[in-house]
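Here's the structure, in structure tokens; my notes come after.
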Protein chains: 2
Amino acid sequence: MTSSEALSHAQEILEKYLLERGLRRTEERLEVLRTIYEELTHFDADSLHRHLLERGLRISRATIYNTLDLFVSCGLVKRYAFAEGRTLYERSVGRRQHDHLICIECGHIQEFCDPQLGLVVEGVGRLFHMNPVHHDLVVYAHCQVEGCPHRSENSTFATK
Amino acid sequence: MTSSEALSHAQEILEKYLLERGLRRTEERLEVLRTIYEELTHFDADSLHRHLLERGLRISRATIYNTLDLFVSCGLVKRYAFAEGRTLYERSVGRRQHDHLICIECGHIQEFCDPQLGLVVEGVGRLFHMNPVHHDLVVYAHCQVEGCPHRSENSTFATK
DNA sequence: GTTCCTGCAAAGAGTTTGCATTGTG
DNA sequence: CACAATGCAAACTCTTTGCAGGAAC
């Protein structure tokens, strides 16, 4: 699935969701969705706000938080609580389930998939008679090479 | 290791750590450590504060946050960032590495151990040339039985 | 006596809320 | 034209900070 396919798929999901519940198809919601699907990978409310401003869109924080809640509800966006109290979001349509490896030096986030993990989660569910719905595995690690290769690029840690 | 053994072991670690760095062995630090090791499993700064008050100890929030930072630094306490922006702590001396299964209905936290998970973490580290230091796996699940068995007991979710 | 620690109150970050206004259906 | 969504500012929660007084060594 290309990224523009993911966007149009996401737009369909959104419009269907809005229609079903009598919610409104506002320009703001569409713009936020476009911005997320075109420009952002792991982001917080504030970086979404800045990206919108750079596109010439003045959308209030209240609307951003509302919209993110809406998108999480309809599965267009996932919300993560990483260490340091960071709440980060990522688009979820057209991407497969994955987990996160975070560099302790710079906060760079590497995604990874491990099919073994699904087995661990299922096993735990069986053991405690619970039905796992989702899970987050975050691995915190140091780079092996001297100096972190992502030190300059950084997004989230360095700006703290 | 019994829980009082864990406390005295934790006290030794704390005193050694303080001595090594020329930090002070204050009554507040000792009381906070005692309270955590005697009364708390998964807790936030505010519930620690309430437990201290119930013991007749008036310790300011500033000191609580300072002390928690100190205890995290010397490994006496672990800090977790769960969903909903909850920062929770738990004592770590005398307990083995474990992960968390959280009931979506009530927020009840079940601990579990799965040796497979260590292999997953190591594998990811090798793949990306990083040295994993620690990891958090949180599984969110629904109870299979009708109505959640922990619904009344709750600690963190219900009070939100 | 020096330095670290505590408590208080104020400040700060991130998020939520109330309400008047705007715009979709 | 009804009602949902937006924008703004104020409120709120959790955490951090600055500073004066107090305690450990």
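The analysis underlying the following values was restricted to heavy atoms, covering all of them including side chains, and did not include hydrogens, waters or symmetry mates. Every chain is numbered from 1, with letters handed out A, B, ... down the list of sequences.
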Next on the checklist: Just the rounded figure in Å: distance from P of D:dA9 to CZ of A:Arg58.
Outcome noted: 11 Å
Item to check | Toward the 5' end of DNA chain D, by each residue's nearest nucleotide, B:Thr26 or B:Asn66 | outcome: B:Asn66
Checklist outcome for this item: note: A:Tyr80, atom OH; C:dG14, atom P; distance rounded to Å ~ 21 Å
Item to check | Presence of A:Arg29 side-chain N/O under 4.0 Å of D:dA5 phosphate oxygens OP1/OP2 | outcome: yes
Checklist outcome for this item: Which of A:Arg79, A:Lys78, A:His98 passes side-chain hydrogen bond (donor to acceptor under 3.5 Å, both in side chains) with A:Glu90? It is A:His98
Next on the checklist: Pairing donors with acceptors under 3.5 angstrom, does anything connect the side chains of B:His51 and B:Glu38?
Outcome noted: no
Item to check | Atom-pair distance (CG on A:Leu19; C1' on C:dT24), nearest Å | outcome: 13 Å
Next on the checklist: Just checking A:His42 against A:Tyr80, ring centres under 6.0 Å apart?
Outcome noted: no
Next on the checklist: I'd like to know if B:Arg24 reaches the base of C:dT3 with its side chain such that a donor and an acceptor end up less than 3.5 angstrom apart.
Outcome noted: yes
Checklist entry - Which comes earlier along DNA chain C counting from the 5' end, the contact point of B:Thr67 or that of A:Glu27, where each point is its nearest nucleotide? => result B:Thr67
Item to check | Distance, rounded to the nearest Å, where A:Asp69 contributes CG and C:dG14 contributes C1' | outcome: 13 Å
Next on the checklist: Which nucleotide wins on minimum distance to the side chain of A:Glu28, given the candidates C:dC4, C:dC8, D:dG7?
Outcome noted: D:dG7
Checklist entry - B:Arg61 CZ to D:dT17 P: how many Å, rounded? => result 17 Å
Checklist entry - In whole angstrom, what separates B:Phe71's CZ from C:dC5's P? => result 12 Å
Checklist entry - Quick one: B:Glu84 CD to C:dG14 C1', roughly how many Å, whole number? => result 15 Å
Checklist entry - Side chain of B:Arg25: nearest nucleotide among C:dG7, D:dC25, C:dC4? => result D:dC25
Checklist entry - Can you tell me how far C1' of D:dA24 sits from CD of B:Glu15, to the nearest Å? => result 13 Å
Item to check | D:dT16 phosphate, OP1 or OP2, under 4.0 Å from B:Tyr65 side-chain N/O | outcome: no
Checklist entry - Within the structure, does a side-chain N or O atom of B:Thr87 lie under 4.0 Å from either OP1 or OP2 of D:dC14? => result no
Checklist entry - Between B:Glu20 and B:Lys16, is the closest basic N to carboxylate O distance under 4.0 Å? => result yes
Next on the checklist: Is there a continuous path of hydrophobic side-chain contacts, each under 4.5 Å between heavy atoms, that joins B:Leu119 to B:Leu137?
Outcome noted: no
Item to check | Phosphate OP1/OP2 of D:dG7 contacted by A:Thr63 side-chain N/O (<4.0 Å) | outcome: yes
